[in-house]
Amino acid sequence: MQKRILGTSGMEVSALGFGCMGLTFGYGPATDRENAITLIRAAYEQGVTFFDSAEAYGAANEEILGEAVEAFRDKVVLATKFGWKNGTPKEGLDSTPARIRIVAEQSLKRMRTDVIDLFYQHRVDPDVPIEDVAGTVKDLIAEGKVKQFGLSEAGIQTIRRAHAVQPLAALQSEYSLFYREPDTEMLAALEELGVGFVPFSPLGKGFLTGKIDEKTEFGDGDSRNSGPRFSTAARMANMTLVDLLKQIAEDKRATPAQVALAWLLAQKPWIVPIPGTTKLHRLDENIGSAKVDLTEADLEQIRTATSKIVVQGDRYPEHLQKLVGR
């Protein structure tokens, strides 16, 4: 797989990373531990060198990742996140310096490593100045416990303030053909600052795979049950976007998911999507997107068609949307 550099940080990663969240969090019951380890190792064998976790996904998520990559730890980049009281989103935000240090020590132990390659603030904490957050991570970098600093779901002004204290390697936020908001101002700001972009949910939480329709039922514990964009009415309305991907995919002898990921890769050379999956055949499909070549004509076709499509439904319920972009 081709490699990319996250902004001007010098951090080299595979063009596609692997998001570990769904292995233990957000989409129903956790994946069997041995199967999860097998999946991560299979990703590495196919060229993936960038793996994303977080304390919020449960201790098991980092533990599984650490065990899976232990034999080749020096050949991969491990990213994880801090920012919640007791590591639990339900308890609210906590990015106090003391909490950041606790999370760093816990993550190091769970992932069986001496250093966290990329340490993100998971959500901006309005009660802690971002300068204090950046300063704490800067100290951890000086101590050799962290290599690079990142933010997740932060607004442009917050990014600028943090970057002035400790240069950011990457911003992680949602971005896909299903959620285009970063197109407006964020990409330009990141390019100006030399900050890489790591889109999560690059397949629109599965919607862009073409395997979800208005009849799809999500299991207990699946976060999509509360997502306005995944209401029955919204799914029916948004099928126009999936139909477009299916049309292009047929011409490319690819799948809709592969076209969606290839579109992201074509936007900027410093964009590194992190699709996640719990299935080996989906992993193979996602990795295959790196070989899908979208021409300028293809990209123009997508631009023209999507400009006429208004995606229906908010991306988050109101209480989660309040945590975005501060």
Side-chain angles (χ1 to χ4, degrees), residues 1 3-7 9 11-27 30-31 36-37 39-44 46-70 72-73 75-84 87 89 103-104 106-108 110-113 115-123 137 146-154 168-176 195-203 205-206 223 261 264-265 270-278 282-283 286-287 289-290:
M1 184 181 292
K3 299 292 180 66
R4 293 191 166 196
I5 305 295
L6 288 175
S9 69
M11 178 168 277
E12 184 180 73
V13 296
S14 51
L16 283 171
F18 184 90
C20 296
M21 184 188 81
L23 299 177
T24 61
F25 181 87
Y27 293 106
T31 305
I37 289 171
L39 192 68
I40 290 169
R41 290 175 177 169
Y44 172 72
Q46 294 193 59
V48 175
T49 63
F50 186 33
F51 296 90
D52 182 88
S53 184
E55 60 158 354
Y57 308 155
N61 199 279
E62 290 180 321
E63 291 167 356
I64 287 168
L65 178 56
E67 180 177 348
V69 306
E70 188 172 23
F72 44 86
R73 170 65 187 97
K75 295 180 173 62
V76 296
V77 171
L78 299 184
T80 194
K81 311 176 197 72
F82 61 86
W84 305 100
V103 177
Q106 291 175 339
S107 295
L108 288 167
R110 290 169 182 162
M111 296 194 298
R112 307 185 185 190
T113 185
V115 64
I116 298 167
D117 296 310
L118 179 54
F119 205 29
Y120 293 100
Q121 182 187 38
H122 209 155
R123 293 291 187 273
V137 177
V146 171
K147 288 186 179 179
Q148 298 284 353
F149 178 36
L151 294 178
S152 178
E153 293 277 58
L168 294 163
L171 171 76
Q172 183 174 132
S173 193
E174 185 170 355
Y175 184 41
S176 70
V195 178
F197 191 29
V198 178
F200 67 76
S201 298
L203 295 174
K205 296 181 172 65
S223 60
L261 290 171
L264 270 176
L265 291 171
W270 37 267
I271 288 179
V272 180
I274 50 169
T277 184
T278 60
R282 290 289 179 221
L283 173 67
N286 291 345
I287 290 174
S289 67

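We number each residue from 1, following the sequence as shown.
If you take CD1 on Ile37 and CD on Glu67, they are separated by 3.5 Å, rounding to the nearest 0.5 Å. To the nearest 0.5 angstrom, Tyr44 atom OH is 9.0 Å from Phe51 atom CZ. Rounded to the nearest 0.5 angstrom, Glu63 CD and Gln106 CD are separated by 10.5 Å. Atom CG in Leu118 sits 8.0 Å away from atom CG in Asp52 (nearest 0.5 Å). Between atom CZ of residue Arg73 and atom NZ of residue Lys75 there is a gap of 11.5 Å, rounded to the nearest 0.5 Å. Atoms CZ and CD1, on Phe200 and Ile274 in that order, are 8.0 Å from each other to the nearest 0.5 Å.
For the residue pair Ile287 and Gln46, the shortest heavy atom distance occurs at CD1-CB, 3.6 Å. Between Thr278 and Gly22, the closest heavy-atom pair is CG2-O, 3.7 Å. Minimum heavy-atom separation, Gly87 to Glu55: CA-OE1, 3.1 Å. Considering every non-hydrogen atom in both Ala170 and Val198, the closest pair reads CB-CG2, 4.0 Å. The shortest non-hydrogen separation linking Pro273 to Pro202 is CB-CB, 3.9 Å. Closest non-hydrogen pair, Leu283 versus Leu39, comes out as CD2-O, 3.7 Å.
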- Query: Should Leu108 and Ile116 be marked as a side chain to side chain contact (heavy atoms under 4.5 Å, CB included) after you check the CA-CA gap, both sets of side-chain angles, and the distance that decides it?
  - Reply: CA-CA 7 Å; Leu108 288 167; Ile116 298 167; 3.7 Å; yes
- Could you go through the side chain to side chain contact (heavy atoms under 4.5 Å, CB included) check for Ile40 and Leu23 one step at a time? CA-CA 10 Å; Ile40 290 169; Leu23 299 177; 4.0 Å; yes
- Message: Quick one, Lys3 with Thr49, criterion side chain to side chain contact (heavy atoms under 4.5 Å, CB included). Give me CA distance, side-chain angles, the key distance, then yes/no.
- Response: CA-CA 9 Å; Lys3 299 292 180 66; Thr49 63; 4.2 Å; yes
- Assess whether side chain to side chain contact (heavy atoms under 4.5 Å, CB included) is satisfied between Phe197 and Ser173, documenting all intermediate values. CA-CA 8 Å; Phe197 191 29; Ser173 193; 3.8 Å; yes
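Tyr57 and Lys81 share a side-chain donor-acceptor pair at under 3.5 Å. Side-chain atoms of Glu62 and Ser107 form a donor-acceptor pair, as typed in the model, at a separation below 3.5 Å.
For Ser53 (side chain) and Thr80 (main-chain N/O), no donor-acceptor pair under 3.5 Å exists by modelled atom type. For Ser176 (side chain) and Leu203 (main-chain N/O), no donor-acceptor pair under 3.5 Å exists by modelled atom type. Formation of a donor-acceptor pair under 3.5 Å by the Arg4 side chain with backbone atoms of Leu265 is found in this model.
Ring geometry for Trp84 versus His122: interplanar angle over 60°, hence perpendicular rather than tilted (30 to 60°).
The pair Glu174-Lys205 meets the salt-bridge criterion, since a charged nitrogen lies less than 4.0 angstrom from a carboxylate oxygen.
Only one option out of Leu171, Leu261, Ile271 pairs with Pro199 in a side-chain contact (heavy atoms from CB on, under 4.5 Å); it is Ile271. Of the residues Leu16, Leu264, Val13, the one that meets the side-chain contact (heavy atoms from CB on, under 4.5 Å) test with Val272 is Val13.
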